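On a predicted model such as this, the values are computed, not experimentally measured, just so you know.
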Amino acid sequence: MSWRTDALRRTLPATALAMVLAAAMVLVALVPARAQPAGGEPVDVALVLAIDVSRSMSREELAIQRKGYAEAIASREVLRAIEHGPHGRIGLAIFEWAGDFHTREVLPWTIVESAADAQAIAALLLEEESSSQSRTSISGAILRSMALLEEVPFAAERMVIDISGDGPNNQGPPVTQLRDMAVDRGITINGLPLMTVDGFARYFAIPDLDEYYRRCVIGGPGAFVVPVHEWNEFPEAVRRKLVLEIGELAPFHDPWRQHHDGGALPVVPAQFAAEEPYDCLVGEKMWRDRRDLFYDGGR
């Protein structure tokens, strides 16, 4: 896939543009057009959890995220999904992201096949706090996820990127370009849009973040979105999303609906029918408008 350099120049300074293009060129050179299972121990899925820690999220919200992921990974629903897979194990990597200049490894590639494995990861997640950083580069998170999947040390049947975030892309290359690059390499991207409106999130939020994720971020076979409207929904949303991803289940075959009474969070699958155009550069435009307002005093 070719890069639209002019579009990138509008959203990146020269030095950052050069770094992004160099990283993308490395990925293009190293990753085949259709990613094939790597050598090593076989796993049902190589799953990357990319967790948003942008400054629009409060310290309390960051703590809820950490706890929610820890509880979900160690939950009986997720463990059951792992056990029922053909190999009975998955490969998992976790990192936090904000602007395209910030990614922080939380968990390197790790095999999860037992309750002890899951509990060890949960304990690791709860050992320390997340540290927030500025800007929101979903495209940078996808780029980092692709690099991790290129280096996966397992023979993975499937490759999945799971991205959480509370706002649209506002830095780095257009998110659709990285999404398409990942999908072309056989990777599925699912989304967990955080549609809460408390704290700083309201300044860069869009009311249809779930639609933005559906139209601009997710892609690949069986891709779907699980929106979170209130923070008390977060733990359930993460558990449910992991069960679907690990079990390679289509959203309409969601076991969560079969085993939980009503009130289940909606799962929104990717749609391929012709639709009205959607502005996938809305986040970049919002950031530009606020920057112009700040520097020009509203003139």
Side-chain angles (χ1 to χ4, degrees), residues 23-24 26-32 34-53 65-66 68-75 78-79 81-98 100 102-128 130-131 138 140-164 178 181-183 185-192 220-221 223 238-239 241-248:
V26 169
L27 277 174
V28 171
L30 293 178
V31 184
R34 287 287 176 180
Q36 300 297 320
E41 190 170 4
V43 296
D44 295 315
V45 60
L47 175 62
V48 178
L49 300 183
I51 303 173
D52 181 12
V53 293
Q65 274 202 139
R66 282 261 181 166
Y69 277 104
E71 291 179 352
I73 291 168
S75 70
V78 169
L79 288 170
I82 294 172
E83 292 168 358
H84 289 174
H87 300 295
R89 68 179 72 89
I90 67 168
L92 181 66
I94 306 174
F95 72 92
E96 296 176 331
W97 61 274
D100 65 359
H102 176 79
T103 60
R104 177 174 177 269
E105 180 182 273
V106 176
L107 180 76
W109 280 117
T110 301
I111 289 282
V112 187
E113 60 181 342
S114 68
D117 296 334
Q119 289 163 5
I121 294 170
L124 177 67
L125 285 168
L126 297 175
E127 278 181 1
E128 57 184 18
S130 299
S131 177
I138 302 173
I142 296 175
L143 187 64
R144 175 58 181 154
S145 299
M146 290 175 66
L148 282 168
L149 288 167
E150 190 275 327
E151 298 170 352
V152 64
F154 316 122
E157 299 290 339
R158 296 177 289 116
M159 295 184 293
V160 176
I161 300 171
D162 180 327
I163 296 184
S164 71
L178 271 298
M181 180 183 287
V183 171
R185 282 152 181 77
I187 299 169
T188 294
I189 304 174
N190 297 322
L192 188 73
V238 175
R239 286 195 299 271
K241 194 161 183 285
L242 291 178
V243 167
L244 289 171
E245 289 166 335
I246 293 167
E248 195 180 10

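- Interatomic distance, CG of Leu107 versus CG of Leu124, reported as 6.0 Å (0.5 Å rounding).
- Between Val43 and Ala46, the closest heavy-atom pair is CG2-N, 4.4 Å.
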Exercise for the section: Starting from the C-alpha separation in whole Å, work towards a yes-or-no answer on side chain to side chain contact (heavy atoms under 4.5 Å, CB included) for Val106 and Ile51. Expected result: CA-CA 10 Å; Val106 176; Ile51 303 173; 5.9 Å; no
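- To the nearest 0.5 Å, atom CD1 of residue Ile142 and atom CD1 of residue Ile189 are 4.0 Å apart.
- The distance from the CE atom of Met181 to the CD1 atom of Ile187 is 10.0 Å, given to the nearest 0.5 Å.
- Note that the OH atom of Tyr69 and the CG atom of Leu126 stand 14.0 Å from one another [nearest 0.5 Å].
- When each of Arg66, His102, Gln65 is tested with Glu96 by the rule side chain to side chain donor-acceptor pair (under 3.5 Å), just one qualifies, namely Arg66.
- No donor-acceptor pair under 3.5 Å is formed between the side chain of Asp44 and the backbone N or O of Glu157.
- Between Ile246 and Arg158 the shortest heavy-atom distance is O-NH2, 2.9 Å.
- In this structure, Val78 and Arg239 approach most closely via the heavy-atom pair CG2-O, 4.0 Å.
- Side-chain atoms of Thr188 never come within 3.5 Å of backbone atoms of Ala223 as a donor-acceptor pair (strictly under, hydrogens ignored).
- A 4.5 Å side-chain heavy-atom check between Asp52 and Leu192 finds every atom pair outside the cut-off.
- No side-chain heavy atom of Asp100 sits less than 4.5 Å from a side-chain heavy atom of Leu143.
- Side-chain contact between Val53 and Trp97: absent, with no pair of heavy atoms (C-beta onward) separated by less than 4.5 Å.
- Contact of the Thr110 side chain with the Ile94 side chain is not registered, since no non-hydrogen atoms from C-beta on lie closer than 4.5 Å.
- Nearest heavy-atom pair, Ala155 versus Gly40, reported as atom, atom and distance to 0.1 Å: CB-O, 3.7 Å.
- Between Ala141 and Phe95, the closest heavy-atom pair is O-CZ, 3.4 Å.
- Atoms CG and CD1, on Leu178 and Ile138 in that order, are 10.5 Å from each other to the nearest 0.5 Å.
- Remark: Ile161 CD1 to Leu148 CG distance equals 9.0 Å, nearest 0.5 Å.
- In this structure the side chain of Leu47 never reaches within 4.5 angstrom of the side chain of Val112, judged on heavy atoms.
- No side-chain heavy atom of Ser114 sits less than 4.5 Å from a side-chain heavy atom of Gln119.
- In this structure the side chain of Ile82 never reaches within 4.5 angstrom of the side chain of Asp117, judged on heavy atoms.
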Handout entry: Stepwise side chain to side chain contact (heavy atoms under 4.5 Å, CB included) check, Phe154 with Val45
Key = CA-CA 9 Å; Phe154 316 122; Val45 60; over 6 Å; no
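- Annotation for Val48 and Ser145: closest pair CG1-OG, 3.7 Å, computed over non-hydrogen atoms.
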